[in-house]
Amino acid sequence: MEEEFFFESNEDAQRSVERYEEMLRNQDQYFFDAGAFEYIVDFYIEKNDPVKALQVVDFAISQHPYATVFLIKQAHLYILTNNHEKAFIALQKAELLEPSEPDIYLLRGNIFQNTERFDEALENYEKALGLAESTDEILLQMAYVYQSMSDYESAITYIKLSLEQNMENQDGLYELAFCYDVLDKQEESIKFYQQYIDTDPYSYAAWYNLGNSFHKLNLFEKAIDAYDYAILIKEDFSSAYFNKGNALVQLDKYEEAIDVYKQTFEYEQPNADTYCAIGECYEKLEKMDEARSYYKKSVKMDPKMADAWFGIGVTLNFEERYFESLHFYKKAIDLEAENPDFWFAMADAYYKLGQIDESIEAYEKVLEFNPLDIEAWLDFSTVLYEQGKLLEASETMAEAIKNNPEAAELYYRMVAYLFALGNHSDALGYLETALTTDPDKHYILFEYLPQLQDNSAILNVINRYIR
């Protein structure tokens, strides 16, 4: 019976819309009952035509001036068309007619939220809470306001209250994960999702978010288990496959990761991110032709995919096609001008091509964007040293140490440069600091300048620290 009724009411709805459009064509005035008007308004809202829907609402109000429902729909449509003043007036009229209608305060809260008047938004949501039968969506709206105020602790409280009302609310589960992430409280996040799963073991969203929290704590095996449960419950959950692939990559299981990434294609259209991720796996397996072919698919789908342009460059670099690689590194840098990894690769390619000035410029960029990259400081100073710029090499190392005072490698390299400059007493001072920081790495010094192995002053200092 129920289906038959649904079909009839659908037919009625369609007939109402046809009658309304016929009335407009005839420039006439027909009478519609309130139910028919609701159908017609909703029909235009679903067709994403708020202007026509507003016309219907105005006509409905003229025929049913005491029906609050139309004033509320009018306010909703004014909000959609960014006409907040008129929305406020409609809600005011509705409140005079029916002050206990929760949607009035919910919509008013929306306007205040959209205009960043957060205290007033919360005040109205509180009123709506007191009047509404079902409150999970209102609680979630309040959580969004607290997020906008950067009060993530309060947001978490309200999301949890919302989930207590409606455990099926996927949005709540994802928002909660976001808040825990911002507060960097992955352990708390894990605890919450585990408790949630005890109550609702078939929530794929909870398993998925649990996996993400494990992933952020570098607990990749546990993350994979959680993603597997999410996939078991929702076989077409492509995001879970993708993140499982990412976790496998972290465990250096590249072949498996490729298979899992490819599984996402069974459930959603291939996208640039997944193609790029597959390319990276092939690159790690040193299968450069396959890697390049996936990187190319990625940029074909999304020409703004900087990592994929970079990946093409890396595959060419691996094949010692340095000049060609530069073209692709530049494309990546055009899209992400402050990415130190891109500049580092560029600096290296220029160096291998013997274009030293360009290489030095690129190294300067790397270190401007990431002064904590010890490898880059060492490589940059090597380039300067090889050019006979000993003083510049030592000055660069001093700058490196200032940015990375814990890195023993830098002190050992400084010893080498100062010896080369003939500044032995300062060199021995740096050697002592290096040995205090990490005595086991003293071999670095001899790797760089083997002739220092015969230097009695250096050996004396080293023997004091190493027994």
Side-chain angles (χ1 to χ4, degrees), residues 173-174 177-178 180-182 184-194 196-197 201 203-268 270-295 297-298 305-315 317-318 332 339-342 344-345 370 372-375:
L173 287 171
Y174 289 108
F178 171 75
Y180 278 130
D181 203 18
V182 172
D184 202 20
K185 290 190 169 179
Q186 301 307 337
E187 283 90 350
E188 270 186 48
S189 179
I190 287 167
K191 205 168 103 185
F192 172 82
Y193 288 114
Q194 283 172 332
Y196 188 93
I197 285 162
S203 168
Y204 61 86
W207 280 111
Y208 173 73
N209 285 305
L210 178 64
N212 290 345
S213 293
F214 280 134
H215 198 295
K216 282 165 190 143
L217 287 175
N218 297 336
L219 299 168
F220 302 116
E221 302 279 5
K222 285 186 170 179
I224 289 166
D225 287 343
Y227 293 137
D228 279 338
Y229 277 111
I231 289 163
L232 205 61
I233 297 160
K234 183 174 163 58
E235 195 193 353
D236 63 348
F237 194 0
S238 48
S239 299
Y241 288 102
F242 185 76
N243 285 11
K244 180 185 173 183
N246 292 346
L248 287 163
V249 165
Q250 296 296 331
L251 296 168
D252 299 339
K253 295 181 175 178
Y254 301 114
E255 301 277 8
E256 276 180 65
I258 290 169
D259 290 340
V260 175
Y261 284 137
K262 285 181 179 175
Q263 272 178 288
T264 65
F265 301 154
E266 292 171 35
Y267 307 111
E268 67 171 15
N271 61 53
D273 283 314
T274 312
Y275 278 146
C276 187
I278 294 171
E280 282 179 40
C281 289
Y282 279 123
E283 182 198 309
K284 292 279 193 275
L285 293 165
E286 297 190 356
K287 295 182 173 177
M288 294 304 169
D289 284 341
E290 285 96 328
R292 195 153 50 238
S293 115
Y294 274 93
Y295 284 139
K297 284 180 181 180
S298 177
M305 196 76 190
D307 282 338
W309 287 115
F310 179 66
I312 297 171
V314 171
T315 63
N317 181 75
F318 183 85
N339 186 315
D341 296 339
F342 296 174
F344 201 163
N370 183 11
L372 304 181
D373 189 336
I374 289 156
E375 220 37 60

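With no hydrogens or angles considered, no side-chain donor-acceptor pair links Asn209 and Tyr196 at under 3.5 Å. Between the side chains of Ser189 and Ser213, a donor-acceptor pair is found at a separation under 3.5 Å. Checked by atom type, the side-chain pair Tyr294/Glu280 shows no donor-acceptor distance below 3.5 Å.
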Verdict with reasoning, Ile190 to Gln194, per side chain to side chain contact (heavy atoms under 4.5 Å, CB included): CA-CA 6 Å; Ile190 287 167; Gln194 283 172 332; 3.5 Å; yes
Step-by-step side-chain hydrogen bond (donor to acceptor under 3.5 Å, both in side chains) determination, Glu283 to Tyr295: CA-CA 10 Å; Glu283 182 198 309; Tyr295 284 139; 2.6 Å; yes
Audit row: Tyr208, Phe237, ring pair (Phe, Tyr, Trp, His ring centres under 6.0 Å) steps and yes/no: CA-CA 9 Å; Tyr208 173 73; Phe237 194 0; 4.8 Å; yes
Side chain to side chain contact (heavy atoms under 4.5 Å, CB included) between Asn370 and Asp341, intermediate numbers included: CA-CA 9 Å; Asn370 183 11; Asp341 296 339; 5.8 Å; no
Residue pair Ser203, Ile197: steps toward the side chain to side chain contact (heavy atoms under 4.5 Å, CB included) verdict: CA-CA 7 Å; Ser203 168; Ile197 285 162; 5.6 Å; no
Step-by-step side-chain hydrogen bond (donor to acceptor under 3.5 Å, both in side chains) determination, Tyr227 to Asn212: CA-CA 8 Å; Tyr227 293 137; Asn212 290 345; 2.6 Å; yes
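Taking CG from Asn218 and CG from Leu251, the interatomic distance works out to 10.0 Å, rounded to the nearest 0.5 Å. Leu217 CG to Lys222 NZ: the interatomic distance, rounded to the nearest 0.5 Å, is 9.5 Å. Here the CD-NZ distance, from Glu256 to Lys244, works out to 7.5 Å after rounding to the nearest 0.5 Å. Here the NE2-CZ distance, from His215 to Phe220, works out to 5.5 Å after rounding to the nearest 0.5 Å. Rounding to the nearest 0.5 angstrom, the gap separating the CG atom in Asp307 from the CD1 atom in Ile312 is 11.5 Å. Rounded to the nearest 0.5 angstrom, Glu290 CD and Thr315 OG1 are separated by 11.0 Å.
Between the side chain of Tyr267 and the backbone N or O of Ser239, no donor-acceptor pair lies under 3.5 Å. Remark: side-chain polar atoms of Trp207 are paired, donor with acceptor, to backbone N or O of Pro201 under 3.5 angstrom.
Contact annotation: the side chain of Thr264 never approaches that of Asn271 to less than 4.5 Å [non-hydrogen atoms, C-beta and beyond]. Counting heavy atoms from C-beta on, the side chains of Lys284 and Asp252 never come closer than 4.5 Å. The closest side-chain heavy-atom distance from Leu285 to Ile258 is below 4.5 Å. Tyr282 places none of its side-chain heavy atoms less than 4.5 Å from the side chain of Met288. The closest side-chain heavy-atom distance from Asp225 to Phe214 is not below 4.5 Å. The closest side-chain heavy-atom distance from Ile278 to Lys262 is below 4.5 Å.
Closest approach of Tyr241 and Val260 over heavy atoms only: O-CG1, 3.0 Å. In this structure, Ala308 and Ser298 approach most closely via the heavy-atom pair CB-OG, 3.5 Å. Listed here is the closest heavy atom pair of Ala332 and Ala306: CB-O, 3.6 Å. In terms of heavy atoms, Glu268 sits closest to Ser238 at OE1-OG, 2.9 Å.
Exactly one residue among Asp273, Asn246, Thr274 makes a side chain to side chain donor-acceptor pair (under 3.5 Å) with Tyr261. That residue is Asn246.
At a threshold of 4.0 Å, the pair Glu187-Lys216 does not count as salt-bridged, since none of the basic side-chain nitrogens sits closer than that to a carboxylate oxygen. Between Lys234 and Asp236 there is a salt bridge, with a side-chain nitrogen of the basic residue lying less than 4.0 Å from a carboxylate oxygen of the acidic one.
Under the salt bridge (Lys or Arg N to Asp or Glu O under 4.0 Å) criterion, Glu188 pairs with Lys185, not counting sequence neighbours.
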